[in-house]
Amino acid sequence: MKYNFDEMIDRTTTDSIKWSPKHLKENFGDEKSLPMWIADMDFRAPQPVIDTLIKRAEHGIFGYGHQSEAFLDSLIAWQERRNGWTIEREWILYTPGIIPALNFIVQSFCIPGDKIIVQSPVYYPFYNIIQNNGCHVVENKLKLKELKYEMDFDQLEDLVKDSRTKLLFLCSPHNPTGRVWTHEELIKLGRICIDNDVMIVSDEIHSDLIYEGHTHIPFAKISDEFANHSIICTSPTKTFNLAGLHVSNIIVKNRKNRNILKHRLETMDIDPGSFATVAQIAAYNEGEEWLSQLLNYLQGNIELIESFVNKRLSGVKFIKPEGTYLAWLDFTELFENYKVLEQFMQSKAKLALDEGYIFGSGGEGFERINFACSRELLKDALERIEKSINLIRGTTISPSS
């Protein structure tokens, strides 16, 4: 079927935190701010998922769920089909989201005082997860070269030599920069970590959102050695806009590590909900047509941002994403103080964005914009930025194109 991603859907009457007037007022200063911050889409989920959820609701009984064979097989077939990665049922552990999973992983493999490496600027919940569990954040800051981020392997080699460093959180694809790491980059990172007994925990939640010319490589697919020294975190929620259903699959080949994490999960008595299981099965088994159309639409949104920034936002730089639906914009030429930039976006442009500084070192002066929305809404956001910049410059506002 043909999906309409241009459709504007009112989410203010739902329990959406993204569109909540109360949340916008409390956190961004205005309940009418245009929300483009948290990473969920403004698109309806694939129709087969919606139909499956309706059918499940009509059944009328919502008892305890479990990882059925159909649930596990849907993920196995998806990874084989999309990534050429063969995994086994017993490798898969369920958690109600990747943030809870990362907490359980830290609690299972670290003790307070241990160190965990992150590659900043990076998905900001990583910092709270590490610190709230009594561990120390170690930043392996990415290097920005000609509008493309690269890993700093020389610094990483120094950081992993500390015996207190136990884990590296790999964001693959990277959020917020949009990098899709190459085979060579992943091998180099893996070799450095494995040789120094540092486990790689790879957050691959955006791994299905990859644009032409780039290929996602599951870290554990590279070799048995890499698989045995890593934990891979996956979920259908970003791919199919199912975040509210709370489902993620943690893939652990190493039996010893899997049993350690499994024991931790069993103490929490965590099982998937009735809707999460059937939604994943429908999404992975019947959602590829929707995903293909989605990626084409998102590619069009990227082209809109690129053209708009180049033609109408002088002084702003666009870090073109290779994956994810998140734009990373550099405003450092226009705003020396990142807090002034934040105030500008909230009070002048009336936009609710994720400020770059919350992503850690290297994020100051940047803005993350969620472009998984209608083109009309995206254009509105860009024009708000343009209008506000022109007003503070005291120049004439350019006409809409």
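Ring geometry for Phe5 versus Tyr297: interplanar angle of 30 to 60°, hence tilted. The aromatic rings of Phe344 and Phe335 sit tilted, their planes meeting at an angle between 30° and 60°.
Surrounding CG of Asp15 are at most 12 heavy atoms belonging to other residues, nucleotides or ligands under 6.0 Å away. The environment of CG in Asn310 is crowded: more than 12 heavy-atom neighbours from other residues, nucleotides or ligands sit within 6.0 Å. The 12-atom threshold is not exceeded at CD of Glu336, counting heavy atoms of other residues, nucleotides or ligands nearer than 6.0 Å.
In this structure, the ring of Tyr124 has its center less than 6.0 angstrom from the ring center of Phe359. Taking the six-membered ring where the residue is Trp, the centroids of Phe219 and Phe226 are separated by under 6.0 Å. A distance below 6.0 Å separates the ring centres of Phe62 and Phe275.
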(request) Test Trp181 against Tyr149 for ring pair (Phe, Tyr, Trp, His ring centres under 6.0 Å), laying out the working first. (result) CA-CA 10 Å; Trp181 305 117; Tyr149 282 90; 8.8 Å; no
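Inspection of the Tyr127 and Glu139 side chains reveals an N or O donor paired with an N or O acceptor under 3.5 Å. Lys339 and Tyr357 are linked by a side-chain donor-acceptor pair at a separation below 3.5 angstrom, with hydrogens and angles left out of the test. With 3.5 Å as the limit, one finds a donor-acceptor pair spanning the side chains of Thr86 and Glu80. Using modelled atom types, one finds no donor on one side chain facing an acceptor on the other under 3.5 Å when comparing Asn27 with Trp37. A donor and an acceptor atom, one from each side chain of Glu289 and Ser292, are nowhere located under 3.5 Å apart. When only modelled atom types and interatomic distance are considered, Ser202 and Ser172 share no side-chain donor-acceptor pair under 3.5 Å.
Side-chain contact between His174 and Glu322 is absent, with no heavy atoms from C-beta onward closer than 4.5 Å.
In this structure Ser347 satisfies the side chain to side chain donor-acceptor pair (under 3.5 Å) test with no other residue, sequence neighbours excluded. Every side chain to side chain donor-acceptor pair (under 3.5 Å) that Asn140 has, sequence neighbours left out, goes to Gln119, Gln155.
Of the candidates Ile200, Ile194, Val160, Leu189 forms a side-chain contact (heavy atoms from CB on, under 4.5 Å) with just one, namely Ile200.
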